[in-house]
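Worksheet for the structure shown next.
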Amino acid sequence: MTDRFDPAASDSRWQERWERDGCFRADSASAKPKSYVLEMFPYPSGRIHMGHVRNYTMGDVLARYRRMQGFEVLHPMGWDAFGMPAENAAMEKKVHPGAWTRENIATMRAQLKRLGFALDWSRELATCEPDYYGHEQALFLDLFEAGLVYRKESEVNWDPVDMTVLANEQVIDGRGWRSGAAVERRKLNQWFLRITDFAEELLDGLGTLDQWPDKVRLMQENWIGRSRGLQFRFARADGAGEIEVFTTRPDTIFGASFVAISPGHPIAEALAADRPDAAEFIARCRQGGTTAAEIETAEKLGFDTGLEVTHPLDPSWRLPVWIANFVLMDYGTGALFGVPGHDARDFEFATKYKLSIRRVVAASIADAGLAVTEAETGAGVAVNSKFLDGMATPAAAAEIIRRAEAAGWGRGVTQYRLRDWGVSRQRYWGTPIPIIHCQACGAVPVPRAHLPVVLPEDVSFDVPGNPLDRHPAWSKVDCPSCGSPARRETDTLDTFVDSSWYFIRFSSQPGDRPFDQAEAEAWLPVGQYIGGVEHAILHLLYARFWTRALQRIGRLSVQEPFKGLFTQGMVTHETYRAGDGSWLSPGEVRRDGDDWVHIESGHPVTAGRVEKMSKSKKNVVDPDTIVDRYGADAVRWFMLSDSPPERDLEWSIGGIEGAARFVQRVWRLAQPGASTAHEDSDLRRRLHKTVAAVGQALDGLQFNKAVASLYELTSAIEKAKPSADRAAAVQTLLKLVAPMAPHLAEEAWAQCGGSGLIADQPWPEHDEALLVDDQVTIAVQVNGKLRDTLTAPRGLTREMLQAQALGAEKVARLLAGAEPKKVIVVPDRLVNIVL
RNA sequence: GCCCCCGUGGCGGAAUGGUAGACGCGAUCGACUCAAAAUCGAUUGCCGAGAGGCGUGUCCGUUCGAGUCGGACCGGGGGCACCA
């Protein structure tokens, strides 16, 4: 017997034992009900951080809890191992991206193992290995053959110095984040996945995801952005064809004062071919930046083409056609009709270019003559609109659609904001796109027998650009179709493709194909997925799309990949700055009363805002250091306490020390001590209440509440005198604590003579009858204010309660002999006396 | 600009419309100790000596009763962003 729990000795011993026993291996053939618990896999950036620890601890608690409940649990871990940081490291440190990545994986795997996570390491995967991405290439070809992949020219942000494409986030103030060079918009041939084909079902599918946060569903809904409206054609006055436009406000059709087309519209481009001024205008539009701030402040620019169209409801009415910089080519038809009176952009445009502004919507028909002084975008009734006059906005819109369809000049349509997913990246460290370009045959898929298309290892990063492009031999292949010399596609896939199906590969890992359908379906969908809210849109939408695409081509009969989703908050820490403004790490400062000082120099330090842990602000705490000092269980416990899991958790010394203290308290309780055959029914009730509360909290992922209940039970046991119930309560406490502090639980379980591993014990059950007390406290209110409480046996009648309450001394004083107007009795809860 | 969420002690946070502040952190006092650490006990929303009064961002409403429901406002955070 030792008086202190020693994590340094215990943690690794139990980790080895779990590993040796294969405790957490998931058996796909098991007859038990299955539970798939998954946390978003990490990018192997170097070392794990507290955010990872929090994320994986939550998943681990759930996995261990489900296991004790009798589920066959799949709880795997892997590495989202392709991506730019590896290439940046290659350029800066002259290491190969593969070597850098694999070293990081080794480091981070060891770090995760120290935390004792109940993971099935036999299913570990890394997306940068051919036995993962080769299967991805096969799936890509499946989608290609099903017509869900296509190639088109598209505009990208091009960094002329690094000779690479940049994501929007990498363009800062119009310049490449790395090179600082002015970014150009360049058109490149790129591969796209037809996610827009699935817009409707991805949107409708959100309705079935009742275990997702409302916030995430809403974000996806807005991202997909469905709008219903009218699509119709304006005839060109010169008879040279038509211009098709889309509107969500067909009711304002009589308020049109111009038609605007995008600079990329075919009519604009045709015009530019023989008019230098038009060409110059279009070029000017292209220069604009793509950042949010630039777009917001961008001035509306227009170019009067001199063309005219006729109004569909009045052939004598002609509207001018402008090229306008705010019209997007890839939304709707790339053209719109401007209604300055009822659209903010159109108003700004019309004001600048002196186009007419008409009122066609008003609060009532009587207001038809009021001038429009700013864009009125709300609903109302139609005015100055011929046959629509007096109709409410929605009815007027429906009427126009009806007439357009009847007369054949337009139709009701649904538009989506969602665009197809461009997956080409001009990068080395990614999945090679398995396509060969042949002069004669076009884009030809790599034959299945030749998969995987393996990334060449002999590449250099000393010159900017894509090393695959420069490789002397890799891209030179013969066309699989005609045999003539051809060129391999040198773009790689967006890393979001890698993470769009890894959860399927975890569930089933045959060597000869991406997954076995029956085995995958035995596990999917993921029962509980946990990760950061920063993936609320892209990753989660792409994974949903990929799953539906596989379903459409008959590879998987699963509609939604993630049944339950939980987005956890960040781990934050106070920040510290020296007098010169430089950031200081928590280890460099020390508290001195209410102030902070720099340990080395003794200079005063300013404690700043609490922010997400980040290297740049130096407010990071390394998990390894903390595990060394306090052990895995204290870290895990702290990650779960205090803050609700969806909110940010502030790291603090006090918090981790409190957690370590709790670990020792439980340890002391489990020490052999005097036991008697006495009963302790109060403690027994407390215990059953705790079992119920902890189970309910864990089911709802409310770890902080489970922690609070366990603190209460621990205190109650500490205060209880020796008894048979006390001894039983300790054993049950250990089981309740086991998912959260597994090393402590195993060690204490073994010490107090428990058989086998506590991880294998069934989860405790509670007795409903013991959840209610015989005696209840009744609140006595007068006019809704608490005046007294009284203790009564449960189930006392309303009359008895009322009598007791009225008899209470404090009530009698307030009543002063008067009769109450009314008495409200809630049995077993309260009596409210109304005077 | 549009959409969404959140405002409770010194701090993190509990609370099916029914005793606001569980639990933790911090703090104060005490016990043990030569001393410290560790541990244990007590107190801890605010005002007040006390009786009592006041308290969940502000105001209004619904209700016997509101942190919780409805409305307006103030403050903080997040998402989208020229989407026709």
Side-chain angles (χ1 to χ4, degrees), chain A residues 3-4 213-223 225-227 229-231 245-249 252 260 262 288 291-300 324-328 330-339 342-346 348-349 375 377 415-419 533-534 536-537 610 637-638 641-644 646-650 652-659 661-662 664-665 668 702 704-715 718-719 777-790 820-826 828-835:
Chain A
D3 57 350
R4 286 187 68 77
D214 290 343
K215 181 171 73 168
V216 175
R217 287 192 303 194
L218 192 71
M219 281 162 72
Q220 292 215 350
E221 195 179 311
N222 292 339
W223 186 262
R226 173 157 62 192
S227 350
L230 172 70
Q231 190 163 315
V245 298
F246 172 72
T247 179
T248 54
R249 291 291 301 274
T252 62
S262 166
T291 65
E294 281 172 301
I295 288 169
E296 189 169 1
T297 54
E299 199 185 351
K300 301 269 177 294
N325 65 340
F326 66 89
V327 183
L328 305 173
D330 51 3
Y331 182 79
T333 60
L336 55 85
F337 69 90
V339 184
H342 306 284
D343 179 277
R345 286 158 315 185
D346 297 348
E348 189 187 335
F349 191 79
T377 56
Q415 287 288 345
Y416 296 92
R417 213 190 69 110
L418 184 70
R419 314 285 161 76
V533 73
E534 65 273 20
I537 298 175
V610 171
W637 188 260
F638 177 46
S641 343
D642 295 351
S643 287
E646 68 277 10
R647 288 203 217 165
D648 290 353
L649 171 73
E650 189 187 343
S652 70
I653 288 290
I656 181 68
E657 286 183 342
R661 217 153 34 223
F662 177 76
Q664 297 300 340
R665 278 172 75 190
R668 282 192 297 275
Q702 297 170 307
N704 57 320
K705 289 198 210 169
V707 163
S709 296
L710 289 166
Y711 271 116
E712 285 183 273
L713 177 63
T714 303
S715 297
E718 282 168 346
K719 291 191 174 84
T777 307
I778 306 291
V780 181
Q781 298 180 335
V782 176
N783 287 337
K785 282 185 192 276
L786 181 74
R787 293 300 171 180
D788 204 354
T789 58
L790 51 92
K821 255 189 232 156
K822 191 171 172 185
V823 179
I824 283 134
V825 182
V826 183
D828 295 335
R829 272 202 168 270
L830 65 70
V831 179
N832 186 15
I833 296 154
V834 186
L835 295 182

What interatomic distance, in whole Å, is found between P of B:U39 and the corresponding atom of B:C47? 31 Å
Tell me, with the steps shown, if A:Ser715 and A:Arg665 meet side-chain hydrogen bond (donor to acceptor under 3.5 Å, both in side chains). CA-CA 9 Å; A:Ser715 297; A:Arg665 278 172 75 190; 3.1 Å; yes
Name the nucleic acid region contacted by A:Glu650, choosing base, sugar-phosphate or nothing; use a 4.0 angstrom heavy-atom cut-off, strictly under. nothing
Any side-chain N or O of A:Arg417 less than 4.0 Å from the OP1 or OP2 oxygen of B:A81? yes
Looking at A:Tyr711, I'd like to know whether one of its side-chain N or O atoms comes within less than 4.0 Å of OP1 or OP2 on B:G24. no
With a non-hydrogen cut-off below 4.0 angstrom, is A:Asp343 in contact with a base, only sugar-phosphate, or nothing? nothing
So A:Gly658, base contact, sugar-phosphate only, or nothing? Heavy-atom distance under 4.0 Å. sugar-phosphate
If the C1' atom of B:G67 is compared with that of B:G21, how far apart are they to the nearest Å? 11 Å
Scan A:Arg419 against the nucleic acid and name what it touches under 4.0 Å (heavy atoms): base, sugar-phosphate only, or nothing. base
Would you measure the distance from the P atom in B:G1 across to the matching atom in B:U63 and give it in whole Å? 37 Å
Taking OP1 and OP2 of B:A14, is either one under 4.0 Å from a side-chain nitrogen or oxygen of A:Asn704? yes
Under 4.0 Å from OP1 or OP2 of B:C40: is there any side-chain N or O of A:Arg668 that close? yes
